2 protein chains.
Amino acid sequence: MKKRFKLLAALAVVPGVIALGINQKVIAQGGDARTAKDAAERTFVPPGKTDDYYLFYSGGHSGQVFVAGIPSMRHISTIPVFTPYPGTGYGYDDESKAMLGGMTWGDVHHPALSKTKGDYDGRWLFVNDNANNRVARIDLRDFKTKQILKLPNVSGNHGSSFVTDNTEYILSASRFSAPLAGKYAPVSEYGKSYSGVVAGVKVDAKSGKMSNGFQVKMPPFNYDLGSVGKGPSKDWAFWTSYNAERATGRLEVTASQKPMDYIVACNWKAAEKAVKEGKADTVGGVKVIDPAKVPGVVYLIPCPSSPHGVDVTPDGKYMAGAGKLAPLVTIYDFEKMQQAIAKKDFQGKEDGIPVLNFASVKTAEVPVGLGPLHTEYDDQGYGYTSLYLESAVAKWKIGDWKVVDKIPVAYNVGHLVVAGGNAANPYGKYMVAMNKLSKGRHLSVGPSQPESSTLVDITGNKMTALYEAFTEPEPHAAQILKADKIKPIEVYPKSENHHPKAIWKASDSKITRKGKNVEITMYAIRSYFTPLELNVNEGDKVTLHITNGEQTRDEIHGFGLADHDINVVIDPGETKTVTFVAKKAGVYPFYCTNFCSALHQEMQGYLTVKPRK
Amino acid sequence: MKKRFKLLAALAVVPGVIALGINQKVIAQGGDARTAKDAAERTFVPPGKTDDYYLFYSGGHSGQVFVAGIPSMRHISTIPVFTPYPGTGYGYDDESKAMLGGMTWGDVHHPALSKTKGDYDGRWLFVNDNANNRVARIDLRDFKTKQILKLPNVSGNHGSSFVTDNTEYILSASRFSAPLAGKYAPVSEYGKSYSGVVAGVKVDAKSGKMSNGFQVKMPPFNYDLGSVGKGPSKDWAFWTSYNAERATGRLEVTASQKPMDYIVACNWKAAEKAVKEGKADTVGGVKVIDPAKVPGVVYLIPCPSSPHGVDVTPDGKYMAGAGKLAPLVTIYDFEKMQQAIAKKDFQGKEDGIPVLNFASVKTAEVPVGLGPLHTEYDDQGYGYTSLYLESAVAKWKIGDWKVVDKIPVAYNVGHLVVAGGNAANPYGKYMVAMNKLSKGRHLSVGPSQPESSTLVDITGNKMTALYEAFTEPEPHAAQILKADKIKPIEVYPKSENHHPKAIWKASDSKITRKGKNVEITMYAIRSYFTPLELNVNEGDKVTLHITNGEQTRDEIHGFGLADHDINVVIDPGETKTVTFVAKKAGVYPFYCTNFCSALHQEMQGYLTVKPRK
């Protein structure tokens, strides 16, 4: 045991060292000139042309989503989700501030596009918050976060968000185990009082509105990455787990004792049915199924130690499980899994959950290399597996289960994404490797290092690295959407503005006082606010409704108020409300913070706060 | 008057329309294929190679600074300054939270590199907060914000930061006027109770520590952009101003009545001397000079209406003032200005400040085109002026005062930056135009539009547009530094860690309890925290000191604590402290938020909060 741990520990602390093989030297030198020239031309998007694909990166503990273009890999936009963002005023007006619920960060790991019939439909992007057990929905009509939902009982919403074929559910699993319903129990009671959870968040087909659906109480393992079935397996979802040891303490040691961990297979249709049939208990406000009492909802499948990714092939027939501490990808056959379930071909149970017979469900092993983490698929029948320890990506053929190519990346790749790679019909063509350590691939910017990602052309027999881009901490996963799949609006039509205090001409603005409450309807248009003087008394509560009267693309106005920590940004056609107390007497300029015209600099006014006698 | 305003208003509301000339059509089509191929090769930095220059963009109301590389224009890093940033943990530990002083945004307009003998020395980058009247210093040794200083009396610290030749001062001017010392006065008393301010922030030569130096009380104009003299003019600084009308209300109308506004010329050495000689009064805690009583400190120079930029040539002999509502750049001769002062060749006074005779100090006019804003200079004797209304940049020869080339940009350029362009010896080679409106140059991302910037090769007779990059809102200005001028550290040496609670081995970690106060010294190293169990009681105040024991590049650890809004990021060799109250009983996992090793996922522990009986 001790020897085994020493090996793991050694692997863990030497990232990048293994990477310095011959291939790495080639990439470190930037390839030969011909290749560089070729790559330059293939990634260059001339001024005035636009990219072919959207790349939606999770922003990790920045709490945001980053949008880049492919093939240029240029950053285009940051979508704030769990973190206030003064650049767009998110979290500064009353509505978005309330949505954030007093929290100022999240940990976004796995963005997932909504689907219709298994393919990306370009309606919504769902993202998880690993830290604070939330999911959020971004509307791709306007690229704004519209809802944040808390998942009770789920401790560490890491294995999320995974979208079913027609966006019926976002499926999720808890990374950590903890007592359900937010209860207290000491860590010494881990084995008996702590639980993992598999959760289904219901999505309204029309509005996208999310609500807590079902949950399944699970053994206190650590649940990790997942994916949703497709075609024959579309009613199922799969997650890896580690810590089958049910250990606490120093997990790098205590949770690496057993040679095998598990993949969870959850029949979400069966879970939904069980809830409908009243077989679930209400725990923490959500319907929770105990699988020991309700058979047929979850099964466990053995997988070599500490698996990280389990990824269903586009045809839904196979699941590829990558045990990061084993040099191979284990392929499971969905049909064999169904037969094992039917025949009760089990090798044991964990807390009443049947463990399928490993030999019966495993169909192949792909010897990909060191530290395999995640697999994505293209449109040509190939799988691409990231190799963390080897700092490379292996390409292998589905069915043959043989590696056909390997490409080095710099360094220590985590997730990777193929264009359309999670859909029933992947687009193929490009793959992006998200590298965890960038160590000197960029101009030095001090100890806070950016993350690097490598754009790879996967059309030929040999993969070709085209470009290296750097992002803010920290993309864990991404989704790639064809540009022509969406047509976002760039102006809010007046007809859609249902804010009760929206006004459409300056002369409709007014100031109403009721005791210490001052309510102002303000109008912003190039290049002035109305009213331009807000005169209040010390201690007044001010409620300000600002309408941006513009109906022109890019004509955004900002309302920045000195020394009040207020910066409301109003897009064309929007109305936003901000409430504050004028605490301190004085004179405070306000001005448009978002450049709008040649007379933008003149777009200013004053809040005067008169002292109380 | 009315007719004049109508023209201005028309210009203001049709940005982009004038831009659609023949040149714009060419750039909109991406140029011809040969050019695109050429531009691709000239901007491509192959994987493994690094860029030649740092581009430091101001982040506007995002409150941050963005770092990109030239020629790739790739984003490399975001430096948080006035806004908390969970991506690097800025604003989440006690020290950085205290530095932010409860504020969560700022409005960064003009970054300025520190100088030695007039050239960039690569030590610090200073930035202003237009909204909340602050300046900040970023240390380029580690790319971190080290100090934020409030400027009393300065309302709207827009005309900042401008650095003197040997970084003696950062010079600043107030955009708005307001009563000094934070006093209250109604807007109706604007003319008599409101003042502008020109300020000098003293910089300690060794540590970079900033402190409020002198201030000069100015008439209630709106002060705008500035620059510092060089060579013969090195003791002087210049700012444009508008609103010589001293108007309030709708400034786009009221402040556009007079044909001329002013450039302020301030002798900062004379101001420093006046303070030393006791000629200043203490107002709002700072030494404020009244120029009516202390002659020789400030003068006013007439400039065509609503000037925006005034930029001193590298040799320090000329100042180029751009009146944004006049189609020309007015060139002033520093020598003539000195003669006018000596001869008292004044055309009037404003609040006791002499107004130099326009005809005596103006030496030329450069007919650059519509909407000139800012000028930067290269190493070959050329000036480059941004043309907001024309969406173009004009190149003209110093001394000849003739336009030699013009290049369209998309669209509505504000600031522009030449490599090394604010130094005594510019680098030249590249110019970046920061365009205010990007209108469809990028994949649509909804109403919140990114900003566009154009990289231009300025080495030949004809300027060549090479690349278009997009940034978050909103770069107003930038500085370009040669990559080899700095060598940032990437690990904090243990020897430099002076945190009293730093520890360098896990066994030194401890938990100390004193009543309801729990103090924990924690150690983080791949891939575990020590201690791993933090057991406290409901209502306890927890002070946590976390040391990252790594001494390896990119081995950053994060401490994310569920449901407590805490994400502390600790760079290699750093110790950070975070204090919080354990308000709610329950079990809260904590984990490493910054990917660190193959066993990163296992780097977790628990905070248990026991209910009070």
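These numbers come from the heavy atoms of this one structure, side chains and all, not from hydrogens, waters or symmetry mates. First the proteins, then the strands, lettered A, B, ... as listed; each starts at 1. Because the structure is predicted, anything quoted here is derived from the model rather than measured.
With a 4.5 Å cut-off on non-hydrogen atoms, B:K144 touches chain A through its side chain but not through its backbone. For B:S438, the parts lying near chain A are the backbone and the side chain together; criterion is any non-hydrogen pair under 4.5 Å. Heavy-atom distances place the side chain of B:Y85, and not its backbone, under 4.5 Å from chain A. Interface remark: B:I486 contributes no atoms to any contact with chain A (heavy atom separation under 4.5 Å). Within the 4.5 angstrom heavy-atom criterion, no atom of B:N243 approaches chain A.
Listed for the A:D565 side chain is no donor-acceptor partner under 3.5 Å among the backbone atoms of B:M103. Judged by distance alone, with hydrogens and angles left aside, the side-chain atoms of B:Y528 form no donor-acceptor pair with the main-chain N or O of A:V253 at under 3.5 Å. A donor-acceptor pair under 3.5 Å is formed between the side chain of B:H61 and the backbone N or O of A:G87.
No side-chain heavy atom of A:P186 sits under 4.5 Å from any side-chain heavy atom of B:T608. Side-chain contact between B:E472 and A:H75 is present, with heavy atoms from C-beta onward closer than 4.5 Å.
Relative orientation of the B:Y606 and A:F176 rings is perpendicular, given thresholds of 30° and 60° on the angle between their planes. In this pair, B:F44 and A:Y467 present their aromatic rings tilted. The plane angle is within the 30 to 60° band.
Taking the ring centroids of B:F595 and A:Y388, they lie under the 6.0 Å cut-off.
A salt bridge links A:K324 and B:E602; the closest N-O separation between the charged side-chain nitrogens and carboxylate oxygens is under 4.0 Å.
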